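Data first, discussion second: the structure below is written as structure tokens.
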Amino acid sequence: MRILFLSAELAPLAQSGGLGDAAGGLARALAARGHELVCALPAYRAALAHSQCPALAEAGAVELALPERTLRGRWLKGALRLGAERLDLRLLDLPELYDRDGLYGDADGPYVDEALRFASFARAGAALAVELGVDVLVAHDWHAGLAPCVLREVHGDAARGIAAVQVVHNGAYQGRYPASALAVTGLGLEHFHMHGLEFYGDLCMLKGGLVWADRVVAVSPTYARELRTPGFGAGLEGLYVWRGDALDGIANGIDTERFDPARDAALPHAFDARRPAGKQVCRDALVAEFGLAAPVAGRLVCAIGRFAWQKGWDVLAEAVEPLVATGASLVLLGSGDAAIAERLDELARQHARRVGLFVGWDERLSRRVYAGADVVLVPSRYEPCGLVQLLAQRYGALPVAHAVGGLVDTIDDGRTGVLFDALEPDALVAACARAARLFEERGAAALRADLLALDVSWRVPAARWEELLRETVEARRVAS
Ligand code: GLC
């Protein structure tokens with residue numbers, strides 16, 4: 001199949017979180033299965049400057065009519081090599097929108113024109129799908145959400161044979177803007193109603209995909225179910241229910257070549273399922289690096305990620321002292337919310353031999369933490385799929401996670417991790433106790449070897465994706 005990915009992030013060129021990993025990883029895995037992948041993203045300054053950005057050539061002018069002027073730019077193209085795979089890369093070069101520091105702005109920040117930036121990306125992306133005559137356009141998250149709508153409503157017959165799929169990586173971000181932003185979409189008021197782009201009086205770009213795409217795919221089966229409920233649907237639960245069988249869930253994999261404890265230069269010692277002993281060397285080194293007291297097996301508890309409400313670090317902070325009281329040593333790595341960072345810093349000072357903290361982002365250090373950890377905490381309030389638990393398993397650490405979203409689908413409770421129901425410090429501490437018991441009962445070496453033998457790659461998810469895309473493309477062909 002010829003598949004066009006529209007995504008605001010694509011690893012390794014442009015990335016701020018899991019979206020980049022997932023879009024890049026899936027594209028590569030589908031290419032490895034023999035499909036022709038075209039991956040389009042905005043020509044951010046950072047993407048153009050990235051060391052892995054390929055040589056680029058001009059690939060056509062882009063003109064987007066706005067109410068009072070015309071935006072002019074061009075597509076750039078190049079061949080992005082990822083391991084053995086080659087992706088056809090397209091960068092939308094509209095310097096006025098994308099030649100800036102960073103990928104996004106926040107509502108009060110410098111990029112007040114965020115609606116224009118991503119509406120333009122989606123419009124140009126839909127036109128590109130028609131120009132290339134791809135079989136299917138895959139829109140990732142709200143940034144590309146208008147593309148399925150534009151494909152049907154603007155391109156009409158020319159796009160009749162092109163299937164459209166909307167992927168929901170995080171449905172809490174909806175691209176919601178005041179109604180006046182409709183002007184920058186090139187779409188008329190006839191699409192601005194509750195069965196279209198309108199959402200409580202505002203414009204909702206994600207609805208462009210949720211309403212118009214042939215299929216909607218959440219990044220895990222459990223998240224697909226959760227989206228149909230008020231707690232998780234963020235106001236769109238009715239729409240998710242209404243889409244019925246058209247809404248599916250497929251959990252992500254991770255790039256097991258990029259994250260491979262057998263060949264990871266950041267680690268003090270290599271290890272894998274056949275030679276798991278090196279993991280102990282990494283554990284000793286991590287304990288030493290943070291000057292911690294060495295806990296018994298199962299009690300070196302780590303956490304890695306953003307100090308954000310979604311990620312539940314406030315609950316984690318409250319669990320630190322009770323965990324220390326059980327004899328655990330902790331290594332915490334991340335950045336974000338200042339109040340949480342301050343609280344963790346206090347705890348690390350008070351329990352210098354028990355709590356190691358690194359505030360900031362250091363990828364090599366994060367790999368050493370995964371490699372050394374017995375247990376990795378994932379107390380997310382909601383988690384569409386989650387990468388941390390997969391990275392933990394890949395590096396032979398047991399994830400202890402809140403039973404939500406993709407965490408439920410990727411953790412077999414009591415075997416490949418521990419799940420807990422209520423997001424409260426007590427429940428987290430009790431789950432850590434269960435994890436420690438698993439280490440006792442099964443023995444650290446056997447438990448690690450089982451984790452290291454898991455397949456967390458894109459192999460299985462990519463096969464499911466292929467099936468879903470093929471069905472969607474065929475259904476569209478029959479209908480058109
Ligand atoms: C978002 C979600 C995360 C998911 C990632 C990739 O970042 O919050 O759960 O793993 O997208 O799909």
Side-chain angles (χ1 to χ4, degrees), residues 5-12 14-30 39 41 103-104 138-145 165-175 206 209 216-227 231-234 236 247-256 258-259 303-313 334-337 361 366 370 376-394 399 401-411 417 419 423 456-458 460-462 464-465 468:
F5 267 30
L6 298 181
S7 179
E9 298 186 20
L10 187 80
Q15 171 161 36
S16 79
L19 171 61
D21 281 310
L26 177 59
R28 183 177 167 189
L30 287 169
C39 292
L41 77 155
L103 309 187
Y104 311 117
V138 180
H140 292 271
D141 267 352
W142 72 266
H143 318 94
V165 173
Q166 176 68 43
V167 189
V168 182
H169 294 266
N170 191 338
Y173 297 95
Q174 303 175 340
L206 180 60
V216 177
V217 183
V219 289
S220 69
T222 298
Y223 191 51
R225 280 192 295 279
E226 290 171 343
L227 284 171
F232 294 91
L236 292 170
L247 168 61
D248 246 298
I250 302 176
N252 296 327
I254 57 171
D255 182 338
T256 48
R258 191 169 145 218
F259 299 102
I304 298 165
R306 266 181 304 125
F307 304 161
W309 185 83
Q310 182 199 339
K311 301 294 178 183
W313 279 74
S335 64
D337 186 272
W361 183 245
S366 77
Y370 284 116
V376 172
L377 300 177
V378 196
S380 306
R381 286 203 156 74
Y382 71 95
E383 196 62 82
C385 181
L387 298 170
V388 169
Q389 80 280 15
L390 299 174
L391 289 168
Q393 290 166 338
R394 177 69 176 151
H402 185 206
V404 287
L407 299 169
V408 174
D409 299 311
T410 54
I411 293 173
L419 294 169
L423 186 59
V456 293
S457 74
W458 277 100
V460 174
R464 286 235 43 219
W465 262 100
L468 184 144

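Small disclaimer: the values here were computed from a predicted structure and weren't measured. All ligand and atom numbering here is 1-based and tracks the order in the structure. Heavy atoms only: backbone and side chains are in, while hydrogens, waters and symmetry mates are out.
Short contacts between ligand 1 and Q310, defined as distances under 4.0 Å to a heavy atom of the residue, involve ligand atoms 8 (O). Atoms of ligand 1 lying under 4.0 Å from at least one heavy atom of G18, given by number and element, are 5 (C), 6 (C), 7 (O). Short contacts between ligand 1 and N170, defined as distances under 4.0 Å to a heavy atom of the residue, involve ligand atoms 8 (O).
Taking 4.0 Å as the cut-off, G386 counts as a neighbour of ligand 1 on heavy-atom distance.
Looking at residues two or more places apart in sequence or on another chain, you find a side-chain hydrogen bond (donor to acceptor under 3.5 Å, both in side chains) between R225 and T222. Residues that satisfy the salt bridge (charged side-chain N to carboxylate O under 4.0 Å, His left out) test with D248, not counting sequence neighbours, are R215.
Closest protein heavy atom to atom 3 (C) of ligand 1: E383 OE2, 3.4 Å. Annotation: atom 12 (O) of ligand 1 to nearest protein heavy atom, H169 ND1, 2.7 Å.
Ring geometry for F307 versus W313: interplanar angle of 30 to 60°, hence tilted.
Contacts of P384 with ligand 1, taken as heavy-atom pairs under 4.0 Å, involve both backbone and side chain.
Closest heavy-atom contact between L206 and D141: CD1-C, 4.3 Å. Counting all heavy atoms, side chain and backbone alike, W458 lies closest to G25 at NE1-CA, 3.5 Å. Of all non-hydrogen atoms in C39 and A27, the two that sit nearest each other are SG-CB, 3.7 Å. Residues V404 and E383 approach most closely at CG2-N, 3.9 Å, considering heavy atoms.
Of the N or O atoms in K311, none lie within a sub-3.5 Å distance of an N or O in ligand 1. At a 3.5 angstrom cut-off on N or O pairs, A22 does not count as close to ligand 1.
Nearest-residue assignment for atom 6 (C) of ligand 1 (options D21, N252, V219, V167; heavy-atom criterion): N252.
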